There are 2 protein chains.
Amino acid sequence: MSPRRRTTLRDIAESLDLSVNTVSRALADKDAVGVETRRRVKAEAERLGYVPNTMARSLVLQNAMTLGLVITNPSNPFYARLISAIEERGRTRGYSLMLMVTEDSVDNERRAAEELMRWGVDGVLAIPVQHGAEHWERLRKSGVPLVLLNRDLPGLDVDLVGVDYYAGSRAATEHALSTGATELYLVEEDLDISPVAERIRGFRDTLATHGLGAPDDAVVRVASPEDVSVSVPFDPGPAYELGAGLARRAGPGAVVLAGNDYHALGLCRAFAEQGLRVGVDVGVIGHGDHPFSAYLAPPLTTVRLPAPEVGRAGIDRLLEHVETAGGSGGDAAGPAHTLLPPELIVRASVPETAGGEG
Amino acid sequence: MSPRRRTTLRDIAESLDLSVNTVSRALADKDAVGVETRRRVKAEAERLGYVPNTMARSLVLQNAMTLGLVITNPSNPFYARLISAIEERGRTRGYSLMLMVTEDSVDNERRAAEELMRWGVDGVLAIPVQHGAEHWERLRKSGVPLVLLNRDLPGLDVDLVGVDYYAGSRAATEHALSTGATELYLVEEDLDISPVAERIRGFRDTLATHGLGAPDDAVVRVASPEDVSVSVPFDPGPAYELGAGLARRAGPGAVVLAGNDYHALGLCRAFAEQGLRVGVDVGVIGHGDHPFSAYLAPPLTTVRLPAPEVGRAGIDRLLEHVETAGGSGGDAAGPAHTLLPPELIVRASVPETAGGEG
DNA sequence: CTGAAAGCGCTAACAA
DNA sequence: TTGTTAGCGCTTTCAG
């Protein structure tokens, strides 16, 4: 029943009648330790089940060997893959991960940033909630390197690694146009975040390039769920609700672009229920290429996001900062924005109407 | 360019010509501090941007206020929701989360357990890889409370919070039978883990209950992907590959149960390509009720898993142990297994053949 | 009400 | 090669 205090260096030292210091160096495989002594120390450590105390070590070494990862919602499949990629890379480089979930609440994010400062993490990767950057500013000023993931935070001068959503949106829109689409819609989540803004911009610009205007109601917003953690995360429901109305508005030659594949799925279902055949009467293009998308009927044309690449590039950039003198972000050249290219995956959810691109 | 050392209690003390001790107590809102002194201390702390050092604090207090979460793969939607629920609950109770991803490798899991011991976390929640429990045994013996999530680890006497997969499987099988199914298949991942075993057992037992045997090839195994972190996580692909063969074997009145909704989706697609109408010619039942399942064509009948409940029950149980004297698991009554009930969600992917249950 | 002293477990000078 | 001393930043006795 004894909570059995952890074995410490001192325990080993006393048991062997050595100094704590010697034991420390023996276990750390430092020079200046007799070969026999080292052997004995290691044996005793083993026997006593010694486990080094990372906190004590970090305290004196002034480095935590820990990174903070601030995520809005792990149930977003894109973010889930980011977590995996980051954790893996961090692990192989010797860093542990402190995970903070914000549920898209600035309050939570503030607390997360504060908590990470208290822990003295060596660096932070964050998908920012956006709106409210003072806490990130503080973090940075306190000397903790920060790299933003996926979403930009205007007004904060830090490195960002994300996806070129603008390009993705352009590619999708171009594709729709190339199949002969005459009526385009973009369905996006009702969040004021950069990925959404970029996709809208790409959509509009592409139409403009082709001399087509985008009527105001061409961009449709779907409500985002309130409580991310409890509600089903990426729910096709809201887009599905919209779908019936859209189906009525959409004439022949209509293609609807969706901000993510769940929305696309909701739309597909709604269209089908209205008697519209997706891929024949109407087109749908998703965003994200979630694992289910290739197996829908019809298989969903969508934009694949380079999740592992974003994760790896993000942590690599962060570790650069961490390991070069722990300074804050932004070298001489100022903060760098790295936007990785998405890839249009053409499947069968957009009808080949007429005068294709060829 | 100065890395600007963090402000410490001492800095405040010196600046105010007080002792470190007084400053500490003033900030901790302890009694025995002059009201005016307290005010000055707080103001100065604010001015200097003081952030308490959690590691130092934890070192002396001998508690880390940190929990370890060991997960095989965050891209599993069920696990993602577990993470959310656990993080939220932990956060509101003042605990930070250290996340370790094992990718279903015992080696990684061993390292994760070791790392968590080094950090001296207050407790650990783990979805065990299974096969190899010595590291968990060590953790436990070192006094760190451990609660297993979702998968059992035979041979290790610890608390477990999971899902009653046996019941879920029985419910699904009963449902299939009740619709008049005459030929049943179960498609399961090729992993030797308790959820799979339980579902198979439920399937077999239910058939036996009805005086039906399950031929050996009624249980079909799909290969699991090798590298979880890089490959697409839950891929309908392998089940899809199987689907064509199954379609040929399956006569009228056949229902295929799948171990998860992704597999179900892969099967649906394969059946459709073979000219079999899911929900009419053949039945498919999923497991997991992923967000996409309700929107498939036809909507997928599946088993809903109580993800947030498992997460919350898991961390609650862990915190019980953590907060009652930090003893290892298992009170007088021995380790408790809590299996939360899943719920059959009947949609439209199983044909109502004949003699329904009513 | 405040200060001095000790110590959490470890590492890094510097001596011996 | 080994031991001594000091200190990371904090909290907790125990005196004053």
Side-chain angles (χ1 to χ4, degrees), chain A residues 3-42 44-45 48-66 117-122 142-143 326, chain B residues 3-42 44-45 48-66 117-122 142-143 326:
Chain A
R4 207 153 75 292
R5 197 181 50 77
R6 236 166 121 169
T7 306
T8 71
L9 285 189
R10 192 147 79 116
D11 297 328
I12 302 178
E14 282 176 356
S15 155
L16 254 37
D17 207 40
L18 285 171
S19 81
V20 171
N21 185 326
T22 304
V23 173
S24 168
R25 299 210 322 240
L27 290 175
D29 273 328
K30 299 228 166 164
D31 39 339
V33 176
V35 65
E36 172 59 9
T37 310
R38 170 161 299 149
R39 204 196 46 67
R40 285 176 59 222
V41 168
K42 292 202 166 169
E44 191 66 1
L48 260 30
Y50 171 70
V51 175
N53 184 324
T54 298
M55 282 207 190
R57 186 168 203 278
S58 285
L59 189 60
V60 25
L61 259 32
Q62 299 283 59
N63 75 336
M65 290 313 281
T66 298
M117 293 183 62
R118 291 174 184 235
W119 273 107
V121 295
D122 300 312
S142 87
Chain B
R4 209 155 73 289
R5 197 180 51 75
R6 240 167 117 169
T7 307
T8 70
L9 285 189
R10 192 148 79 117
D11 298 326
I12 302 178
E14 284 176 356
S15 155
L16 254 36
D17 207 41
L18 286 172
S19 81
V20 172
N21 184 335
T22 304
V23 174
S24 167
R25 298 209 322 241
L27 290 175
D29 272 327
K30 298 231 166 161
D31 38 340
V33 175
V35 66
E36 171 59 9
T37 309
R38 169 161 300 150
R39 204 196 46 68
R40 286 176 57 221
V41 168
K42 290 203 168 169
E44 190 66 2
L48 260 30
Y50 172 70
V51 174
N53 185 323
T54 298
M55 281 205 190
R57 185 166 204 279
S58 286
L59 189 60
V60 23
L61 258 34
Q62 297 282 61
N63 74 335
M65 289 312 280
T66 297
M117 293 183 61
R118 291 175 182 231
W119 274 107
V121 295
D122 300 314
S142 86

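Throughout, protein chains are lettered first and strands after them, A, B, ... in sequence-line order, and every chain is numbered starting at 1. Fair warning: this is a prediction, and the values are worked out from it, not measured in the lab.
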**Student:** Could you check how far CZ of A:Arg40 sits from P of D:dT1, rounded to whole Å?
**Tutor:** 16 Å

**Student:** Please name all residues satisfying salt bridge (charged side-chain N to carboxylate O under 4.0 Å, His left out) with B:Arg40, sequence neighbours left out, ordered by chain then number.
**Tutor:** none

**Student:** Output the rounded distance in Å from CG (A:Asn63) to P (C:dT11).
**Tutor:** 11 Å

**Student:** Taking distance alone, no hydrogens or angles, what donor-acceptor pairs closer than 3.5 Å link side-chain atoms of residues 57-66 of chain B to residues at least two apart or in another chain?
**Tutor:**
| from | atom 1 | to | atom 2 | distance (Å) |
| --- | --- | --- | --- | --- |
| B:Ser58 | OG | B:Thr54 | O | 3.1 |
| B:Ser58 | OG | B:Asn63 | O | 3.0 |
| B:Thr66 | OG1 | B:Ala64 | O | 3.0 |

**Student:** Would you indicate what A:Thr37 reaches in the nucleic acid, counting non-hydrogen atoms under 4.0 angstrom: base, sugar-phosphate, or nothing?
**Tutor:** sugar-phosphate

**Student:** Who are the side-chain hydrogen bond (donor to acceptor under 3.5 Å, both in side chains) partners of B:Arg118, not counting sequence neighbours?
**Tutor:** B:Glu114

**Student:** Only counting residues at least two apart or in another chain, list the ones meeting side-chain hydrogen bond (donor to acceptor under 3.5 Å, both in side chains) with B:Asp29.
**Tutor:** B:Lys42

**Student:** Using the test salt bridge (charged side-chain N to carboxylate O under 4.0 Å, His left out), find all partners of A:Asp11 that sit at least two apart in sequence or belong to another chain.
**Tutor:** A:Arg5

**Student:** Once each nucleotide of nucleotides 3-16 of chain D is scored for protein heavy atoms under 4.0 Å, what B/S/- sequence comes out, 5' to 3'?
**Tutor:** BB---BBBBBB---

